[in-house]
Amino acid sequence: MPKNRARHINIIGHQNPDTDSICSALAYAWLKNGGKLTGRYEARRAGHLNRETQFVLQHFGVAAPRLCTDVSPQIKDIDIREQPGIDGEMSLRAAWNLMRGVDIDTLCIVDGGGQLQGLITVADIADANMDLLDTGVLAAANTSCRNLLDTLQAELIVGDADARITRGRICIGTSPEIMEELVKPGDLVLVSNRYETQMCAIDCGAAAIIVCCGSAVPRTIVARAQEKGCAVLATPYDTYAAGRLVTTAAPVRHFMRARDLLKFSVNTPIEDASKVMASVRHRYFPILDEAGRYCGVVSRRNLLNLHRKQVILVDHNERQQAVDGLEQAEILEIIDHHRIGNLETTGPVYFRNVPVGCTATILYQMFTEQDVTPSKPIAGLLLSAILSDTLMFRSPTSTPQDEEAARALAALAGEDIPAYAEQMFEAGADLTGRDADDVFRADFKVFSRGDAKFGVGQSIYMTDRSRAAAKALVGPYLPEAARREGLPLVFYMFTDMKTQSTDLMFWGDHAADIVREAFHTEPKDGVAVLPGVVSRKKQLIPPLLAALQARQG
């Protein structure tokens, strides 16, 4: 990651997000970004959108936030070394010089589109140089003449710089008597300034001769080479040095590691990468960006310089309701209207918790304090969140501040509160194409205090028919839901908005007894009818916690 790149700050609500969680995240991001939904602050969602929220976003033309279920550190959260990839045609010599110049022992080979092809290490180059008997390496690697010219700092006297070596071996010409037996057609011959050895190599059918020691090439040699189709290169290196260097003209693609490469994505969790790094002796590992293109390398040392993800929490402050990996992130702010939970931070944070019916009401207050007027879509989102959380001011959690904020926002959004609220609640209650798990998770939260741990879901319905259909769908699913969530107890509220009552279904050990003790009512056929109970936060959770703690005591 470039050190000067501004890091995104995620604004995120609780798991199984409701309308308040999503809309508050979007509105706060808009405020933080100075009137834009895009910028350094990004609204995220910790789960799938329920139908009510989908209706709201579509109604006001706002795109859904991107999904984020884990804020554990990833490769993108460390300083990736942005070492550029190299072309596979680069010579071993050039690769080695590059390694020394930038102090790295691994280079990654990429194609023209940035796709990783392989990698080569200083150990691979050393192994190639130690294979002294491989005199056919240049032909085997289909080496270009340009590589030879660059490696030997040579001048091309005769021949085509774009030609490639496709056959023959590397020889060193000493005397004509020996060369007549040694040199074969197609060979590459290193020669001194002796006229006889140069002419003999050409007449023996050499594909190219390399004249060493910076010697001048006689015109007769040039003419003979042109006649026989033999390339002529002149290098300032002596024969010994040229002989040592010539094989390093081979392209790195011939020696690169291309199979079973250990590579990571920028989205790979640090924990997973650390385990892999600890299991092998490699020093550097290629990194691919989100599009699958090579973007740099990391080493074990880079893992020490970790930048934790920065998050702002809205509409929750309890660990069990938050995204995974929160203990490894840096919490900057918490904006909430629920009870103070069990969340811990590593340092002081801006914590705004107000006893109102909705987080969006707190955000409206913040807009007002900063003298910022929300746009029509943002006003609509905030209005929707307040109407949803307060059940259009019918919930006991609703306060005069909620109603005041909603009416001001309705004017900005151009909405009639009763008509819009009915559309929104009807959209949320629509069961078309939904299964039991979808309905169950639409607004489900986990709560705990001491050893007591349980989950509570809630759905709001406008008609008896839709509420009965939901009960028939979700009721049989509660045991499976408890198993999947790993909870000993689950409760589900089927709330009738018009009659201001809730049918409470439950499952778990002694669940009926707990309901009986909490609400002083007798459940019938697995359902407890709770007149006047519409608020999960204020009317359901406190009696359940009291009953559970009484049983534990």
Side-chain angles (χ1 to χ4, degrees), residues 1-3 5-18 20-33 37-49 53 63-80 264-276 287-290 298 302-336 338 340-353 359 363 441 444-446 448 485-486:
M1 172 184 289
K3 294 182 179 179
R5 183 191 301 170
R7 301 178 66 227
H8 271 252
I9 296 173
N10 295 319
I11 304 178
I12 190 165
H14 50 75
Q15 295 177 348
N16 302 309
D18 58 8
D20 185 24
S21 178
I22 296 296
C23 292
S24 290
L26 286 165
Y28 201 26
W30 188 91
L31 178 62
K32 286 283 194 178
N33 288 324
L37 281 172
T38 56
R40 186 182 182 193
Y41 294 86
E42 181 181 4
R44 304 296 293 271
R45 58 186 172 90
H48 297 295
L49 301 178
T53 308
R66 291 192 301 149
L67 181 67
C68 175
T69 59
D70 195 325
V71 289
S72 300
Q74 299 168 288
I75 291 294
K76 68 176 71 172
D77 298 314
I78 62 177
D79 290 330
I80 296 172
F264 303 118
S265 161
V266 289
N267 294 322
T268 300
I270 293 294
E271 183 178 359
D272 294 347
S274 298
K275 291 177 181 178
V276 173
I287 303 301
L288 308 183
D289 65 17
E290 292 180 343
V298 294
N302 294 126
L303 299 185
L304 301 176
N305 191 19
L306 173 65
H307 306 286
R308 296 191 298 166
K309 284 185 169 61
Q310 296 179 318
V311 297
I312 295 174
L313 304 182
V314 295
D315 198 32
H316 70 300
N317 70 89
E318 297 197 50
R319 177 63 192 88
Q320 60 269 26
Q321 295 177 13
V323 291
D324 292 338
L326 190 64
E327 63 282 351
Q328 299 179 70
E330 181 183 1
I331 301 173
L332 302 180
E333 301 180 32
I334 302 173
I335 314 295
D336 192 22
H338 295 94
I340 308 300
N342 56 359
L343 193 63
E344 294 184 1
T345 61
T346 56
V349 303
Y350 178 77
F351 189 179
R352 185 157 180 164
N353 189 282
T359 305
L363 288 177
R441 294 181 184 279
F444 179 78
K445 294 181 179 179
V446 176
S448 66
E485 296 291 333

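Throughout, residue positions are numbered sequentially from 1 according to the sequence presented.
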Nearest-0.5 Å distance that lies between atom CG in D336 and atom OG in S24 = 9.5 Å
Heavy-atom closest pair (N16 atom, F444 atom, distance to 0.1 Å) is ND2-O, 3.2 Å
With a 4.5 Å limit on heavy-atom distance, are the side chains of D79 and H307 in contact?
-> yes
Worked verdict on L303 versus V298 for side-chain contact (heavy atoms from CB on, under 4.5 Å) | CA-CA 8 Å; L303 299 185; V298 294; 5.6 Å; no
For the pair I312 and I334, evaluate side-chain contact (heavy atoms from CB on, under 4.5 Å) and give the outcome as yes or no after the intermediate values.
-> CA-CA 6 Å; I312 295 174; I334 302 173; over 6 Å; no
State the OG1-CG distance between T359 and D18, to the nearest 0.5 angstrom.
-> 8.0 Å
Separation of L332 CG from N10 CG (nearest 0.5 Å) = 10.0 Å
Main-chain N/O of R40 paired to N33 side chain as donor or acceptor, under 3.5 Å | yes
Where is the tightest heavy-atom contact between G13 and S21, given as atom of each residue plus distance?
-> CA-OG, 3.1 Å
P65 and R45 have their tightest heavy-atom pair at O-NE, 2.7 Å
Quick one: OG1 on T53 to NE2 on H48, what's the gap to the nearest 0.5 Å?
-> 13.5 Å
What pair of heavy atoms forms the shortest contact from A43 to A29, and how long is it?
-> N-CB, 3.9 Å
Those residues at least two apart in sequence (or on a different chain) that pass side chain to side chain donor-acceptor pair (under 3.5 Å) with E344 are none
Any side-chain heavy-atom pair from H316 and L343 closer than 4.5 angstrom?
-> no
Name every donor-acceptor pair, under 3.5 Å, that has one atom in a side chain of residues 323-331 and the other anywhere in the protein, sequence neighbours excluded.
| residue | atom | partner | partner atom | Å |
| --- | --- | --- | --- | --- |
| E327 | OE1 | R319 | NE | 3.3 |
| E327 | OE1 | R319 | NH2 | 3.0 |
| E330 | OE1 | Q310 | NE2 | 3.3 |

Are D77 and L306 close enough that some pair of their side-chain heavy atoms sits under 4.5 Å apart?
-> yes
Closest non-hydrogen atom pair between V314 and Y28, with its separation | CG1-CD2, 4.4 Å
About how many Å separate CD1 of I287 and CZ of F264, when rounded to the nearest 0.5 Å?
-> 6.5 Å
Taking the side chain as every heavy atom from C-beta outward, state whether R308 and T346 have any atom pair closer than 4.5 Å.
-> yes
Are side-chain heavy atoms of N267 and E290 found at a separation under 4.5 Å?
-> yes
By salt bridge (Lys or Arg N to Asp or Glu O under 4.0 Å), K32 pairs with (sequence neighbours left out) E333
Beyond-backbone contact of Q74 with K309, side-chain heavy atoms, under 4.5 angstrom | yes
Take Q321 and D315 through the test side chain to side chain donor-acceptor pair (under 3.5 Å) and record every step on the way to the result.
-> CA-CA 10 Å; Q321 295 177 13; D315 198 32; over 6 Å; no
Hey, what do you get for CG (D272) to OG (S72), rounding to the nearest 0.5 Å?
-> 9.5 Å
Any side-chain heavy-atom pair from I80 and V266 closer than 4.5 angstrom?
-> yes
Heavy-atom closest pair, residues L49 and A64 = CD1-CB, 3.5 Å
Short question: side chain of R44, backbone of R66 - any donor-acceptor pair under 3.5 Å?
-> yes
Answer yes or no: is there a side-chain heavy-atom contact under 4.5 Å between T345 and F351?
-> no
